[in-house]
Amino acid sequence: MTITSPHLGSPSSAWTDARLLYALEEVVEKELNRHLKVAKDWMPHEYVPWSDGRNFPGFFEDGEAWDKEQSKVTEIGRIALVVNLLTEDNLPSYHHEIATLFGRDGAWGTWVHRWTAEEGRHGIVMRDYLLTSRAVDPDKLEQFRMAHMSEGFESDNRHSMLHSVAYVAFQELATRISHRNTGHQSGDPICDRMLARIATDENLHMIFYRNLLKAAFEIAPDLTMQAVRDVVVNFRMPGHGMPGFERAAAQMAIGEVYNLRIHHDDVLQPVLRFLKVMEIDGLGPDGLRAQEELGLFMTGLDAEAAKFDEKLAARKARMAARAGG
């Protein structure tokens with residue numbers, strides 16, 4: 001891909017956010033058009049088992065109190081569904097962040113609004129499913145939502161457009177994997193089908209940002225390498241600020257919804273391989289240093305994931321022994 005820009009060949013210090021936005025506008029338009037051709041409209045209400053719904057206590061005299069036995073969703077599925085939905089609930093904050101960084105005009109603005117509209121479906125269908133199927137405690141879910149959204153959200157990468165593009169290239173894939181694995185572990189085929197539909201959207205969003213990151217490597221390789229290094233080394237999921245996130249994340253790791261091995265193998269590696277990040281040459285001193293540090297980090301993360309794999313295997317063996325005994 002060749003990008004024509006008056007700033008090509010400029011030193012890293014010349015690449016302001018404004019210049020990068022301008023240089024990448026043509027790529028954004030191309031990727032937006034590609035996205036609109038392949039994205040399929042779908043109706044959230046078609047994925048919800050409405051016939052399972054009934055009144056909750058409160059306004060309705062015939063309301064039936066929630067009990068987890070009313071749903072076929074597994075315990076790990078319930079935990080992951082709450083985390084995934086609370087993450088989606090912060091869409092107003094996410095929209096504010098990317099609209100501020102990317103702007104509301106031209107192809108960038110069109111993408112910002114389209115992405116927000118598509119993401120909005122995810123929260124709608126997940127909440128409708130959870131309440132209709134009684135998969136989670138509705139009172140706790142609303143309490144968590146209020147607490148989480150009242151805290152607000154500030155991205156670790158809000159200081160830099162390039163860091164933000166790098167982050168979402170990985171984060172959209174992480175979200176896709178988390179939704180997909182939650183569906184597999186949920187114990188409910190209806191839930192699995194719904195989350196598979198959401199995961200398809202997230203994958204298309206990942207492709208958009210990944211291709212944008214590829215173009216950024218072509219016009220500002222040193223800065224982009226440093227951004228990728230920073231994002232990968234300091235990566236956190238956007239739901240990290242929600243109530244009880246650490247405990248839920250630990251349970252999701254053990255339940256194989258999202259853990260170090262999945263993060264390394266299914267999220268970071270596929271994007272880095274596609275971009276051929278470790279093969280990029282012609283870098284300056286700062287880019288080379290970032291590339292080397294990225295490689296060392298990935299090696300260390302793989303080792304940490306191997307330790308986690310051993311602990312998880314030992315835990316499974318203990319549980320199997322107890323069940324057999």
Side-chain angles (χ1 to χ4, degrees), residues 1-39 41 87-123 149 152-175 201-231 234-238 271 275:
M1 183 189 302
T2 302
I3 301 167
T4 303
S5 166
H7 309 296
L8 285 179
S10 300
S12 293
S13 59
W15 282 112
T16 63
D17 273 5
R19 286 178 172 177
L20 282 165
L21 284 165
Y22 174 78
L24 290 168
E25 174 94 22
E26 190 178 323
V27 183
V28 172
E29 185 174 1
K30 176 187 172 186
E31 289 302 316
L32 173 62
N33 290 334
R34 180 198 55 75
H35 176 84
L36 294 174
K37 285 179 182 175
V38 297
D41 268 345
T87 301
E88 299 286 357
D89 276 335
N90 250 341
L91 183 59
S93 289
Y94 307 149
H95 174 84
H96 174 76
E97 291 250 339
I98 66 170
T100 301
L101 278 164
F102 300 157
R104 295 172 175 82
D105 301 319
W108 281 103
T110 303
W111 167 254
V112 165
H113 295 303
R114 174 71 191 199
W115 175 87
T116 302
E118 291 186 6
E119 287 288 341
R121 287 176 174 152
H122 303 168
M149 292 191 71
F153 172 81
E154 284 190 339
S155 167
D156 296 332
N157 303 289
R158 62 190 179 280
H159 62 287
S160 158
M161 186 277 287
L162 203 50
H163 280 71
S164 295
V165 169
Y167 175 74
V168 287
F170 295 104
Q171 183 266 322
E172 292 281 6
L173 182 52
T175 304
D201 281 0
E202 303 290 9
N203 196 59
L204 290 178
H205 297 163
M206 178 276 293
I207 291 170
F208 178 95
Y209 287 119
R210 183 195 65 187
N211 292 352
L212 200 54
L213 193 57
K214 182 175 186 293
F217 264 116
E218 294 180 7
I219 64 174
D222 288 300
L223 279 180
T224 306
M225 186 67 74
Q226 291 172 76
V228 169
R229 183 266 322 270
D230 294 345
V231 163
N234 300 301
F235 187 89
R236 296 194 295 175
M237 289 294 270
V271 176
L275 297 172

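Residues take their numbers from the sequence shown, with the count starting at 1.
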query = Going by distance alone, is a donor N or O of one side chain under 3.5 Å from an acceptor N or O of the other, for Ser93 and Glu97?
reply = no
key: Asp105, CG atom: more than 12 neighbouring heavy atoms under 6.0 Å   = no
task = Check whether any side-chain heavy atom of Val112 sits under 4.5 Å from a side-chain heavy atom of Arg104, and report yes or no.
result = no
query = Counting N and O atoms only, with roles assigned by atom type, does the side chain of Glu25 sit under 3.5 Å from a partner on the main chain of Ala107, one being a donor and the other an acceptor?
reply = yes
request  = Hey, could you give me the NE2/CG distance between His163 and Asp230, rounded to the nearest 0.5 Å?
outcome  = 3.5 Å
Donor-acceptor contact present, side-chain Gln226 to main-chain Asp222, <3.5 Å = yes
key: Euclidean distance, Leu101 CG relative to Leu162 CG, rounded to 0.5 Å   = 11.0 Å
request  = With Leu213 as reference, evaluate Leu24, Val168, Val228 under the side-chain contact (heavy atoms from CB on, under 4.5 Å) test and give the passing residue.
outcome  = Val228
note = Heavy-atom nearest pair, Ala169 first then Met206, reads O-CG, 3.3 Å
query = Any side-chain heavy-atom pair from Glu88 and Thr175 closer than 4.5 angstrom?
reply = yes
request  = Please report the closest heavy-atom contact between Thr100 and His96, naming both atoms and the distance.
outcome  = OG1-O, 2.6 Å
request  = Walk me through it: do Asn211 and Val27 pass the test side-chain contact (heavy atoms from CB on, under 4.5 Å)?
outcome  = CA-CA 8 Å; Asn211 292 352; Val27 183; 5.8 Å; no
ask   = Which pair of non-hydrogen atoms, one from Met237 and one from Ala174, has the smallest distance, and what is that distance?
value = SD-CB, 3.6 Å
inquiry  = With a 6.0 Å cut-off on the ring centroids, do Phe208 and Trp111 count as close?
reply    = yes
Residues Lys30 and Glu26 bridged, charged N to O under 4.0 Å = no
task = Could you grab the distance from atom CZ of Arg236 to atom CD of Gln171, nearest 0.5 Å is fine?
result = 13.0 Å
Over all atoms of both residues, closest heavy-atom pair of Leu275 and Arg210 = CD2-O, 3.7 Å
query = Could you give the distance from CG (Leu91) to CZ (Arg121), rounded to the nearest 0.5 Å?
reply = 13.0 Å
inquiry  = Distance check, rounded to the nearest 0.5 Å: His35 atom NE2 versus Glu118 atom CD?
reply    = 3.5 Å
request  = Look up atom NE2 in His95 and atom NE2 in His113, then write down how far apart they are to the nearest 0.5 Å.
outcome  = 5.5 Å
inquiry  = How close do Met161 and Asp17 get, counting heavy atoms only, and between which atoms?
reply    = N-OD2, 3.1 Å
Residue list, side chain to side chain contact (heavy atoms under 4.5 Å, CB included) with Ala220, at least two apart or on another chain = Trp15, Leu20, Leu223, Thr224
query = Phe102 and ring-ring contact (aromatic ring centres under 6.0 Å, His included): which partner among Trp108, Tyr22, Tyr94?
reply = Trp108
inquiry  = Looking only at the aromatic ring of each residue, does the gap between the centers of Tyr167 and Phe235 stay below 6.0 angstrom?
reply    = yes
request  = Give the minimum heavy-atom separation between Ile207 and Arg34, together with the two atoms involved.
outcome  = CG2-NH2, 3.5 Å
